[in-house]
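Only a predicted model underlies this, so the values are computations on that prediction, with no experimental measurement involved.
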Amino acid sequence: MKIIIKHIKVLRAFFQISLKTSIEYMSDFAALALDFCLTIVFSFLFWNYLLSDFDMLAGWNMEELVILALFGSSSWSVGQFLAGSWQLSEKIMGGQLDKYLCRPINPLFSLVLEDMQLDEVLKGVLSMGIFLVFYRIKLGVIPSVWSVLGALVLLLMGILIVALVRCIFSCISFWIENERGISVVVHMEDFGLDRYPADMFHGAGKVILFSVIPVAYISYVPALIYLCKNTLNPLFFLAGETVIIVFLLCLLQFVWKRGIRRYEANGG
């Protein structure tokens with residue numbers, strides 16, 4: 001119990017530091033919010049152009065595709081709460097783990113949460129709320145409380161899955177010196193796959209979206225629940241993602257403990 005309280009206090013300290021930094025640079029926050037809005041506008045123009053010759057894409061109309069892209073774009077912003085997950089490989093290869101290993105708390109906990117960016121998180125939350133309300137009204141259907149809550153819970157679980165996958169691949173840096181191969185997966189948002197429905201893909205492509213590059217969990221699955229397009233019970237997705245998270249946590253601990261034995265640094 002004392003360990004849990006200690007980690008909560010550390011999390012609160014990280015939160016306060018990030019909050020003060022975000023408030024200090026409000027102009028940067030405004031610029032980030034504008035950037036996010038432009039991303040959504042360009043997504044709208046992209047799908048509007050793509051669907052100009054036909055009405056549906058894999059069973060999704062334009063408004064639904066924009067909501068899908070919105071979930072994907074927002075998740076990358078909200079995921080900045082776990083910003084350390086994509087910086088882990090750089091710190092391993094740069095020999096910067098010493099200060100984390102010396103602290104009386106879980107080093108992975110510090111590594112993942114120390115660099116949280118609350119301005120990005122707030123930008124994603126506010127923008128997602130505004131656009132979701134706008135497009136849901138445009139679709140002419142008022143979402144149920146359960147569909148909204150289910151989509152948000154699955155979105156957060158998807159963000160955690162992506163962060164865990166990033167950390168696992170980042171730990172490969174303990175064994176290899178070339179970071180380029182790792183960065184392909186660690187920076188998976190660069191693929192832009194979150195804007196496409198998983199129904200477009202088949203076979204190995206669909207497997208990749210739910211495993212190696214699991215962007216389907218942060219856009220496709222939450223959008224299915226929010227738009228009530230799912231044919232399966234939402235509890236199926238909830239139980240499935242819970243199992244995946246537990247498995248990834250165990251795998252990360254295994255890889256981390258093996259990798260940390262190989263870690264070397266100059267103590268700087």
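Among all heavy-atom pairs drawn from Ser173 and Ile92, the shortest one is CB-CG2, 3.9 Å. Counting all heavy atoms, side chain and backbone alike, Ile159 lies closest to Gly79 at CG2-CA, 3.6 Å. Smallest separation of non-hydrogen atoms from Ala151 and Phe71: CB-CZ, 4.1 Å.
A salt bridge does not link Lys91 to Asp98: none of the charged nitrogens lies less than 4.0 Å from a carboxylate oxygen.
A donor-acceptor contact shorter than 3.5 Å is absent between the side chain of Tyr217 and the backbone of Leu154.
Residue Ile225 holds its CD1 atom at 10.0 Å from OH of Tyr220, rounded to the nearest 0.5 Å. In this structure, Leu224 CG and Glu64 CD are separated by 9.5 Å, a value rounded to the nearest 0.5 Å. Here the CE-CG distance, from Met157 to Leu238, works out to 5.0 Å after rounding to the nearest 0.5 Å. In this structure, Leu156 CG and Ile218 CD1 are separated by 12.0 Å, a value rounded to the nearest 0.5 Å. One distance of note links CG of Leu101 with OG of Ser110; it measures 10.0 Å at 0.5 Å rounding. To the nearest 0.5 Å, atoms CG (Leu227) and CG (Leu68) are separated by 8.5 Å.
With sequence neighbours excluded, the residues satisfying ring pair (Phe, Tyr, Trp, His ring centres under 6.0 Å) with Phe174 are Trp256. Leu252 is linked by a side chain to side chain contact (heavy atoms under 4.5 Å, CB included) to Leu108, Leu164, Cys167, Ile168, Cys171, counting only residues two or more places apart in sequence or in another chain.
Side-chain atoms of Phe81 and Leu160, non-hydrogen and from C-beta on, never get closer than 4.5 Å to each other.
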